[in-house]
Amino acid sequence: MALVRRWSSFLVIGAVFIFVFYRLRSPITTPGAADTTLTPTHPHSSVSEPHIGSTKFLWKDIPIQNKVTSYIAYPSGNPQQLSKIQHDFSKDTGPQTKIEKELREKRQAEVRNTAKRAWAAYREYAWLQDELDPINGGGKNTFGGWAATLIDSLDTLWIMDLKDEFHEAVKAVKEVDFSSSSQQTVNIFETTIRHLGGLLAAYDLSKEKILLAKAIEVGDMIYKAFDTPNHMPVARWNWAKAAAGTPQTAPEQVLVAELGSLTMEFTHLTQATGDKKYYDAVARIMDVFQREQNNTLLPGMWPVAVNAKTEDFKSDNAFTLAAMADSAYEYLPKMHALLGGIDARYESMYRIAMDTAIKHTLFRPMTPDESDILVSGFARPNGDSVKLDPQLQHLVCYTGGLFAIGGKLFDIPEHVRIAQKLTNACIWAYKAFPYGIMPEVSHLVPCASMDHCPWAEEVWRGAVLQRSSVGADNPEDVLHYISQSRLPEGIAKVDDGRYILRPEAIESVFVMYRVTGEQSMQAAAWDMFTAIQKHTATDIANSAIADVTAPDTIAPKAGNMESFWIAETLKYFYLIFSDPSVISLDEYVFNTEAHPYRRPV
Ligand SMILES: *[C@@H]1O[C@H](CO)[C@@H](O)[C@H](O)[C@H]1NC(C)=O
């Protein structure tokens, strides 16, 4: 899942990162800021612009000004037989199997009921809007007014065999009008992973033609955002101006994930339609990524902020696998799978990037039980040294899945071991907090050594003090602060205490289960699910939590339910309790919004 999307929620943190820590030369357009402008009727103030708000048109009929003269060729050759990702479950038979199956199916039914209930509430209170208000009913448009929850949920409904719901939703997809938006600025990344991604995966599964037709419509809309002199896309895009023919240039500040994670969707659109222009558009971006990979301030990784206009990746010194970068890395092994291994550059970019990430972002946190776990933090090169910021984002929990899939596809056993430790860190963090749910962002205490990490309470307290604003220098005050802020042992600070129904922890637990066949992963998933269900359930659906460190018996609710709750979180919970042949990772590859694309054979 990833990144930027994750933008809306990272708005505040992102702004702080960018302005305070990253010392960018000039500030990035604050994400989401433009997205709050709602102009549902006539977005055109200029007389020179046509009246497209009320007139339907197809984006493919809007002229492209910066025509591509020759397409980058789709890689030739037949898809290769790639190394298996999934554990060989056929060998796991034994006396326990029948009881295990019953338990698994009982749990799966509970997940399905949760999804069915959330969908029913969306259908009743927020039909065709982007999101349900899970407390009061009603809905809101947060992603363009194109029924984000409906489109994002399609493949989940299909996989959970909620076929009546699915067919009703497919009928409604026709009504979604991509020639107009409720928002002035379209977030190209979000629209790509949620709308284009959701439609393509639902089409793969059901072969309903309207889904492909709609995927082409929204794909052609997004394609127009690539209409710049260097063919790099405009990430925060004024669709009305574009439709009116206003010339566009690529942005000088863009989050690397927004530029680097359009590849799977556009490649799959070419696979589904045979139209090579979509693949060409993202292959151009990957050319830049490959060329710049060793030219950054931390060679091997790409920084959080890059310049899409000049294609300069050298200015920013913030490096992370987490928010704002995440899916750019996630898509490297996944593109290898989606292309059937016929383009070697994705393996090469993955290996180089992960070598750097392992060296500079991974740390072992100090925990009271001395767990042998790993977390991927933030790296900032400074002269000859690289400074590590030992933060743990909920979002970075996807890295377990990243290293597991890369490790299996490219036969790197060390990456699979790292993947398990990264996943176990998130399982640990869930358990460390009183509700059994980890927060959006926290800070940990890194161990000096990866091999040996004895718990030292005074070191932890020192880290707490250092990150607090208490300014106290006597132990009494620190203890008071710890109990006041209800900090679990090992957590130095909770920077953002929300839980917004995110999927990344269960995503990696699910992938590790499919990769290793270990039942302990199903047990961990069930603990996560019961905690989340208990603390997020409302009268009609599920809500984000305002603060996972609150003293209340049941967590205080934030009142929103992003489309990824049904699209991703519940899908992964369902699939970990499914027969492992359902959406096998050897037949499908998930995009960063958990939309499974069929891999070529
Ligand atoms: C980038 O650096 C890595 C690690 O030093 C090296 O293996 C690789 O060949 C380099 N790639 C290019 C394109 O120079």
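Here, residue 1 is the first one in the sequence, and each next residue gets the next number. For ligands, and for the atoms within them, numbers begin at 1 and follow the listed sequence.
- Note: Phe410 and Tyr350 have tilted aromatic rings, judged against thresholds of 30 and 60 degrees for the angle between ring planes.
- Protein non-hydrogen atoms do not reach within 4.0 Å of atom 4 (C) of ligand 1.
- Note that atom 11 (N) of ligand 1 has protein non-hydrogen atoms nearby, at separations under 4.0 angstrom.
- Look at Asp372 and Lys421 and you find a salt bridge, because one of the NZ, NE, NH1 or NH2 atoms lies within 4.0 Å of a carboxylate O, short of that distance.
- Using a 4.0 Å cut-off between charged side-chain N and carboxylate O, Asp287 and Arg345 make a salt bridge.
- Ion pairing between a basic and an acidic side chain is recognised when a charged N comes within 4.0 Å of a carboxylate O; Arg502 and Glu507 show no such pairing.
- Of the protein's heavy atoms, at least one falls inside 4.0 Å of atom 14 (O) of ligand 1.
- For ligand 1, the atoms sitting less than 4.0 Å from at least one non-hydrogen atom of Asn294 are 1 (C), 2 (O), 3 (C), 8 (C), 10 (C), 11 (N), 12 (C), 14 (O), numbered in the order shown with element in parentheses.
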